[in-house]
2 protein chains.
Amino acid sequence: MTVSRVINNTGRISEATRQRILAIMKEMNYVPNAMARSLVKQESRLLSLLIPDLTNPFYTSLARGAEDAARDLGYRLLLGNGDEDLAKEKEYIETVLSARVDGVLLTPTGDQSLAHLKKLAKQRIPFVLLDREVPGMGSDQILGDSREGTRMLTDHLVTLGHRRIAFLGGSRLVSTARLRLASFEETMAAHGLALPEGYLIEADYRMKEIDRQITALLAMPEPPTALLAANNFLALRAIRALRSLGKRVPDDLSVVCFDELEAGFVVDPFMTVAAQPSYDFGVMGIRMLVDRIQQKAPESWRKVVLPPVLHVRKSSGPPASL
Amino acid sequence: MTVSRVINNTGRISEATRQRILAIMKEMNYVPNAMARSLVKQESRLLSLLIPDLTNPFYTSLARGAEDAARDLGYRLLLGNGDEDLAKEKEYIETVLSARVDGVLLTPTGDQSLAHLKKLAKQRIPFVLLDREVPGMGSDQILGDSREGTRMLTDHLVTLGHRRIAFLGGSRLVSTARLRLASFEETMAAHGLALPEGYLIEADYRMKEIDRQITALLAMPEPPTALLAANNFLALRAIRALRSLGKRVPDDLSVVCFDELEAGFVVDPFMTVAAQPSYDFGVMGIRMLVDRIQQKAPESWRKVVLPPVLHVRKSSGPPASL
DNA sequence: GTGAAAGCGCTAACAG
DNA sequence: CTGTTAGCGCTTTCAC
């Protein structure tokens, strides 16, 4: 049909027929069928963003960045929520695969996401990894600086006078959790500070054990005066546990963490954090992805590292003994 | 192809060929093309959820409910963020129209969304309205109880001893904002309490004016001792404004609001609220939508009203004069 | 400038 | 039980 030509503004059409077609389209409420078009063009102009937790402000802010960037570049964005659940992630990957999206932006659940990513790679769907790396999988990525952020937080506590600092980490199956733990150990060593047995906690998947772990920590002969949590929700759970044990933050124990918490929708932000530029994660991720799709990217994988910023707030103070 | 039959598990196939096909599929990493299938089946098994603010916990919680319900019913869910922006909403509606989703779940930006909804109706795409009504548009809907919630909050303040209560409302182009204002006026009247000129504030679209409006409120000869905000972010902005004016909450002024705030990711929830069952909004919305799609619903529109729950916390207390 | 023919990957309906 | 034909709504490609 000539109709197609007017819709796509392509080829030569006389203004007369052009107007006539436009009029008829309006009259019959014509809406082009994107699926039929994608089928023949072999491109959908559809991108997919998979985040691991829709309720975590870090990821919603990231999603807004991705959305804005996608719109700017003329792509639509499908949002998906993996829920930190490998099975849901798998399901979602299968969905986007059969939906024939042009590219995928995702924060993988963890190292075990490797299998899912391989599927994407095998179907030649371009993807960009956000925030977390997956060993064994080359790809474009946007990462935070876990080493630097952890160092900032640790230094902050040391500067306040803390010497006994414990670490509450996430699963070792997640790259950021590993890096933050390693950096914490390094930084403590650089300050000549000891890391007693029991100061290094690895939270289990659903954080079920945290209350017990915190209780054990405080029952030590030399309990810590500060706690560094590897992410925002971990810190939150820790503080709840501390409160239920009658401990006050920061009076009895300082708590600091990675990732912003509360700043957007709270009267009075409480937590001292190493904040990451979450919105930019989304924007840059989409740009990198679209570059790759449109083959404007170099052959080799690209990697961008976004630095964190320390926000000192009320959850950290000098140790009680000072 | 016989292939189609094994994929869809339909018709009679010998186990031998069945296995052979499965093997070949695996070998060549076959992934069915959902678009091609939708094209012929005239259904996509795709639902779309449009929320007005991705960063508002009310809507993210709602989205999780919708997601879970959609998965249960065998549908995929595309998330969209309208950003309280009529233009983005329009864009999104066009997108889902051309993507040929089977149904749409949405919280309209406001009364002006009517035009967008009419487009959906004209294309015979079933949709369910969440949280906000749109005058002139019949449809299935899941609503909160704005009257009851406002009454609860007002009664709470009156019981604490407040007599001078101001109201910070949202745009009158949004049904919930209108209802909450009306219910506030009614309830105050029922208590025999006066509503001086200036006690009723309508926040503008982007809340730019709030600081000035709050300043004016406090400069009145008889300033209020309590403030009822029509939603969570409005309350937040108000409290920020109050703080910058050196006022303390609840010591100098009590503040309460509609919608949950902070409870999920904060150490110590502060705000007294009339919380709505946001997750259930999503679940019930999807169920209602799927019923409609599968024509299990009655011809007439259905409407479900979900009651709010009062959570008394720290942002409200007796008036200073007591 | 405009129309006709072919085909994207799939499934419905019918043959064999 | 399995293969064939046709067509979903669109965009090529190539005639006119």
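Each chain gets a letter, A, B and so on, in the order its sequence line appears, and its residues count up from 1.
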Q) For the side chain of B:I13, counting heavy atoms from C-beta on, which of C:dT2, C:dG9, D:dT2 is nearest? A) D:dT2
Q) Is the backbone of B:R71 close enough, under 3.5 Å, to the side chain of B:R76 for a donor and an acceptor to pair up by distance? A) no
(Q) Nearest heavy atom decides the nucleotide; on that basis, is B:A36 or B:R20 closer to the 5' end of DNA chain D? (A) B:R20
Q: Write down the distance between CZ (B:R18) and P (D:dG3), rounded to a whole number of angstrom.
A: 16 Å
**Q.** Phosphate-side-chain proximity, B:S14 and D:dT2, N/O vs OP1/OP2 below 4.0 Å
**A.** yes
Q. Taking only N and O in the side chain of A:T17, is any of them less than 4.0 Å away from OP1 or OP2 of C:dT2?
A. yes
Q: Measure the distance from CD on B:Q19 to P on D:dC1 and round it to the nearest whole Å.
A: 15 Å
Q) Taking DNA chain D as the partner, which of residues 26-33 of chain A come within under 4.0 angstrom of it by heavy atom? A) A:Y30, A:P32, A:N33
Q. A:Y279 and A:D68: side-chain donor and acceptor closer than 3.5 Å?
A. yes
Q) Do B:R64 and A:D83 sit within salt-bridge range, that is, some charged N less than 4.0 Å from a carboxylate O? A) yes
Q. What is the distance, rounded to the nearest whole Å, between atom CG of B:L39 and atom P of C:dC8?
A. 14 Å
(Q) Output the rounded distance in Å from CD (A:E43) to C1' (D:dT11). (A) 12 Å
Q | B:R45 CZ - C:dC10 P separation (whole Å) | A | 19 Å
**Q.** Whether A:E89 side chain and A:T109 backbone form a donor-acceptor pair below 3.5 Å
**A.** yes
Q: Salt-bridge test for B:K88 and B:E91: reply yes if a basic N is under 4.0 Å from a carboxylate O, no otherwise.
A: no
Q. Would you say B:T107's side chain and B:L130's backbone share a donor-acceptor pair under 3.5 angstrom?
A. yes
**Q.** Separation of D:dC8 C1' from A:R37 CZ (nearest whole Å)
**A.** 16 Å
Q. Does A:Q42 place a side-chain N or O at less than 4.0 Å from the phosphate oxygens OP1/OP2 of C:dG9?
A. yes
Q) Atom CE of A:M35 and atom P of C:dT11: how far apart are they, to the nearest Å? A) 13 Å
Q | Spacing between A:M25 atom CE and D:dG9 atom P, to the nearest angstrom | A | 16 Å
Q) Is the side chain of B:R100 donor-acceptor paired with the backbone N or O of B:L97 at a distance under 3.5 Å, no angle test? A) yes
Q) Picking from D:dC8, D:dT12, D:dT2, which would you name as closest to the side chain of A:K41? A) D:dT12
Q: Go through C:dC8, C:dG9, C:dG1 for me and flag the one nearest to the A:V40 side chain.
A: C:dC8
